[in-house]
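See below for the structure under consideration.
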Amino acid sequence: MLGYNALYSAAALVAASASSMVASAADLPAIEVVGNKFFYSNNGSQFYIRGVAYQADTANVTTGSSINDPLADFDACSRDIPYLQQLDTNVIRVYAVNTTMDHSECMNALNDAGIYVIADLSSPKQSVNRLDPTWTVDLYSRYKEVIDMFANYTNVLGFFAGNEVTNNNTNTDASAFVKAALRDSKKYIKEQGYRSIPVGYSSNDDEDTRVPMADYFACGDDDVKADFYGINMYEWCGKSNFKESGYEDRTKDFANLSVPIFFSEYGCNEVSPRLFTEVQALYGDNMTDVWSGGIVYMYFEETNNYGLVSIDGSSVSTLSDFNNYKSEIASISPSSANTASFTATVANISCPTNNKNWAAATVLPPTPDNDLCQCMDAANSCVVSDDVDADDYADLFDYVCAQVSCDGISGNGTSGKYGSYSFCSPKEQLNFVLNLYYQSNGGSKSDCSFSGSASIQTATTQSGCSAALSEIGSIGTNTATNAATFATNGRAASASGSGSSTITSASSSGRSASSASSSKSSSSKTSKSKGAAAHNDMGVFQTILTSFGTLSFVAGLGFAIL
């Protein structure tokens with residue numbers, strides 16, 4: 001099938017003004033989802049992803065080194081686009097973007113080259129931590145900022161709400177929080193009146209969880225389920241074939257999935273140079289009824305040896321992998337459907353039941369509500385002192401939560417029980433339980449000392465807050481049907497979102513040498529990494545300790561976004 005790349009030349013790379021935040025006049029048609037396939041919105045022809053992962057990592061460089069947001073560096077993206085075009089690329093995947101920077105030049109240049117973008121909404125320090133999953137006001141704010149920045153580009157194919165967050169059967173509870181993020185991202189897109197931009201999830205290929213996880217993200221009502229689903233797939237290594245590689249079994253596994261599914265990463269490098277013989281299978285008749293193409297990992301050559309090209313400043317050198325992939329992708333001719341004659345199979349996917357390999361509730365965490373957090377915070381009389389360092393909050397939580405219920409600030413993705421303030425900042429949550437302790441002990445000044453770590457403030461319950469706070473109740477476990485509206489003042493505004501910047505992400509934002517090996521190993525029939533110990537019933541004390549510790553439980557590398 002001819003892609004849009006055939007219609008664009010390298011001469012079309014002249015970008016629109018950097019001040020423009022929307023794509024140029026010759027916008028690519030948006031890609032839409034119908035059933036389990038992608039289609040061009042303008043003519044209804046089927047769209048197969050011929051993608052390349054386009055973001056360098058920093059896992060193997062000197063401490064303090066960093067890379068730039070790949071969509072904010074026009075010199076780099078204009079240097080690379082002609083090479084991406086040589087590979088007939090129609091999609092790039094980027095794992096992290098900086099919402100304070102302008103992306104218009106690169107986005108317009110990609111548009112003019114016929115290239116779409118799938119962007120991860122998270123960042124290394126702002127994503128769902130598989131070992132301590134939460135869906136918070138601050139994280140939701142990050143997701144909304146990315147959506148706002150890219151919603152008006154029609155060459156944004158979609159967004160990933162998470163990447164390899166659950167990576168084995170010990171942390172499936174984290175998927176409830178990612179699905180809540182996906183739900184709220186879709187809701188936000190609709191509320192803002194943006195075009196219907198698909199939001200999906202990118203999974204690893206773990207033997208125990210691959211099928212229930214896909215079912216989990218594809219089940220439920222349209223406003224909750226994923227619009228598409230990606231799997232980071234490293235099963236085909238060297239000269240394999242459709243059956244021996246595992247591709248035949250994986251195609252059977254997902255034959256009834258009701259949303260588009262594709263390889264969100266692929267390209268095993270156990271045999272080097274990579275031959276990419278899997279390309280013919282992926283775009284061949286055995287797979288195209290189920291799969292919608294894939295994204296090769298990755299463009300940049302680094303010490304993990306997954307690169308297609310080597311970069312030295314402004315100079316690009318193509319590697320053997322580049323030439324092998326170029327030859328294979330140029331020879332594909334997948335069958336093509338059209339919306340005029342395509343009838344989507346309506347398949348209601350059942351959500352997986354909890355068992356030894358799957359324990360994620362279908363009841364999802366609540367939508368983060370900053371107004372509600374500020375309402376609650378202002379209504380507290382006993383609050384943590386401003387001079388207490390956030391690193392010392394854990395001791396206070398440890399003591400107070402042994403005396404009073406902390407259910408109002410905690411969440412459990414296995415049981416589906418979430419406190420009404422589970423999405424608030426650590427400081428706001430600490431104020432809530434300190435005040436609960438203070439009130440439970442009679443409300444005397446001595447009950448709000450905590451060796452000088454807390455003090456009394458004048459509590460204020462605003463008129464726009466009273467109904468919601470009353471419904472939620474004193475321990476914070478009931479649901480409010482009334483909306484909370486907080487009239488911002490200096491104290492409440494400063495409290496909003498405080499204390500969460502140290503949370504370390506566990507959601508992958510790219511792939512280091514070790515994490516690439518982990519993904520490959522989890523796909524292998526002979527070896528499999530099990531990762532972290534089970535923690536599905538993690539208590540609030542561990543939750544708080546995890547939130548403020550300097551952790552390294554990151555599924556993949558962290559990007560330094562500039």
Side-chain angles (χ1 to χ4, degrees), residues 1 3 5 48-57 80 82-93 202 204-205 230-251 261-288 290-311 316-335 510-528:
M1 181 182 70
N5 289 3
Y48 287 99
I49 293 174
R50 303 186 303 275
V52 175
Y54 184 68
Q55 189 152 16
D57 67 51
D80 296 332
Y83 292 93
L84 293 169
Q85 287 181 299
Q86 287 185 48
L87 301 176
D88 203 23
T89 303
N90 63 5
V91 171
I92 60 170
R93 178 182 179 181
S202 174
N204 73 325
D205 181 37
I231 299 182
N232 297 338
M233 177 72 65
Y234 292 86
E235 294 192 8
W236 185 308
C237 301
K239 292 182 179 180
S240 189
N241 59 57
F242 178 60
K243 183 177 180 64
E244 292 178 1
S245 65
Y247 278 24
E248 181 180 38
D249 291 335
R250 301 295 80 75
T251 300
I261 183 171
F262 57 94
F263 293 176
S264 42
E265 291 177 7
Y266 74 99
C268 171
N269 68 352
E270 283 187 358
V271 178
S272 183
R274 292 180 288 177
L275 303 176
F276 288 107
T277 51
E278 67 265 45
V279 166
Q280 299 306 314
L282 179 57
Y283 296 92
D285 290 342
N286 285 331
M287 297 186 68
T288 51
V290 175
W291 303 91
S292 293
I295 298 171
V296 170
Y297 191 83
M298 58 180 286
Y299 182 75
F300 300 95
E301 173 70 344
E302 295 174 330
T303 56
N304 59 14
N305 297 319
Y306 276 93
L308 300 176
V309 304
S310 177
I311 305 292
V316 179
S317 299
T318 61
L319 304 175
S320 296
D321 284 8
F322 180 98
N323 297 318
N324 292 339
Y325 173 69
K326 177 181 178 180
S327 176
E328 294 293 338
I329 200 70
S331 64
I332 63 170
S333 55
S335 59
R511 187 174 301 282
S512 67
S514 60
S515 62
S517 176
S518 174
S519 175
K520 169 185 63 60
S521 296
S522 68
S523 302
S524 171
K525 295 184 285 293
T526 59
S527 64
K528 192 146 90 93

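- At distances below 3.5 Å, at least one donor-acceptor pair connects side-chain atoms of Gln280 with backbone N or O atoms of Glu328.
- Less than 6.0 angstrom separates the ring centroid of Tyr54 from the ring centroid of Tyr299.
- Taking all atoms of both residues into account, the shortest heavy-atom contact from Thr288 to Ser335 is OG1-OG, 3.6 Å.
- Judged by distance alone, with hydrogens and angles left aside, the side-chain atoms of Ser245 form no donor-acceptor pair with the main-chain N or O of Cys237 at under 3.5 Å.
- One distance of note links CE of Met287 with CD1 of Ile261; it measures 9.0 Å at 0.5 Å rounding.
- Looking only at distances, no side-chain donor or acceptor of Thr318 sits under 3.5 Å from a matching main-chain atom of Val309.
- Closest heavy-atom contact between Leu282 and Gly294: CD2-N, 3.9 Å.
- Taking CG from Asn241 and CD from Glu278, the interatomic distance works out to 12.0 Å, rounded to the nearest 0.5 Å.
- Of all the heavy atoms in Thr251 and Asn286, the pair that sits closest is CG2-O, 3.7 Å.
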Would Tyr234 and Asp205 satisfy side-chain contact (heavy atoms from CB on, under 4.5 Å), going step by step from the backbone distance to the final call?
CA-CA 8 Å; Tyr234 292 86; Asp205 181 37; over 6 Å; no
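- At least one side-chain heavy atom of Leu319 sits less than 4.5 Å from a side-chain heavy atom of Ser310.
- Between Phe276 and Leu308, the closest side-chain pair of non-hydrogen atoms falls below 4.5 Å.
- Tyr283 is listed as a side-chain neighbour of Val279, based on a closest heavy-atom distance under 4.5 Å.
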Assess whether side-chain contact (heavy atoms from CB on, under 4.5 Å) is satisfied between Asn232 and Tyr297, documenting all intermediate values.
CA-CA 9 Å; Asn232 297 338; Tyr297 191 83; over 6 Å; no
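- Between Val316 and Ile311 there is a side-chain heavy-atom pair separated by less than 4.5 Å.
- Atom CD1 of Ile49 sits about 10.5 Å away from atom CZ of Arg93, to the nearest 0.5 Å.
- The distance from the OH atom of Tyr83 to the NZ atom of Lys326 is 10.5 Å, given to the nearest 0.5 Å.
- In this structure, the side chains of Leu275 and Lys239 come closer than 4.5 Å at one or more pairs of heavy atoms.
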Report the C-alpha distance between Val296 and Tyr266 in whole Å, list the side-chain angles of each, state the deciding distance to 0.1 Å, and finish with yes or no for side-chain contact (heavy atoms from CB on, under 4.5 Å).
CA-CA 5 Å; Val296 170; Tyr266 74 99; 3.3 Å; yes
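- A side-chain contact (heavy atoms from CB on, under 4.5 Å) with Trp291 is found for exactly one of Phe263, Tyr48, Tyr247, namely Phe263.
- In terms of heavy-atom proximity, Ser240 sits nearest to Thr277 at N-OG1, 4.4 Å.
- The closest donor-acceptor contact from the side chain of Asn90 to the backbone of Arg50 lies under 3.5 Å.
- Contact check for Arg274 versus Tyr306: side-chain heavy atoms found under the 4.5 Å cut-off.
- Between Glu301 and Asn305 there is a side-chain heavy-atom pair separated by less than 4.5 Å.
- Taking each heavy atom of Ala56 and Glu302 in turn, the nearest pair found is CB-OE2, 3.2 Å.
- To the nearest 0.5 angstrom, Ser264 atom OG is 7.5 Å from Ile231 atom CD1.
- To the nearest 0.5 Å, atom CD of residue Glu235 and atom CZ of residue Arg250 are 4.5 Å apart.
- Taking all atoms of both residues into account, the shortest heavy-atom contact from Ile295 to Val52 is CG2-C, 3.5 Å.
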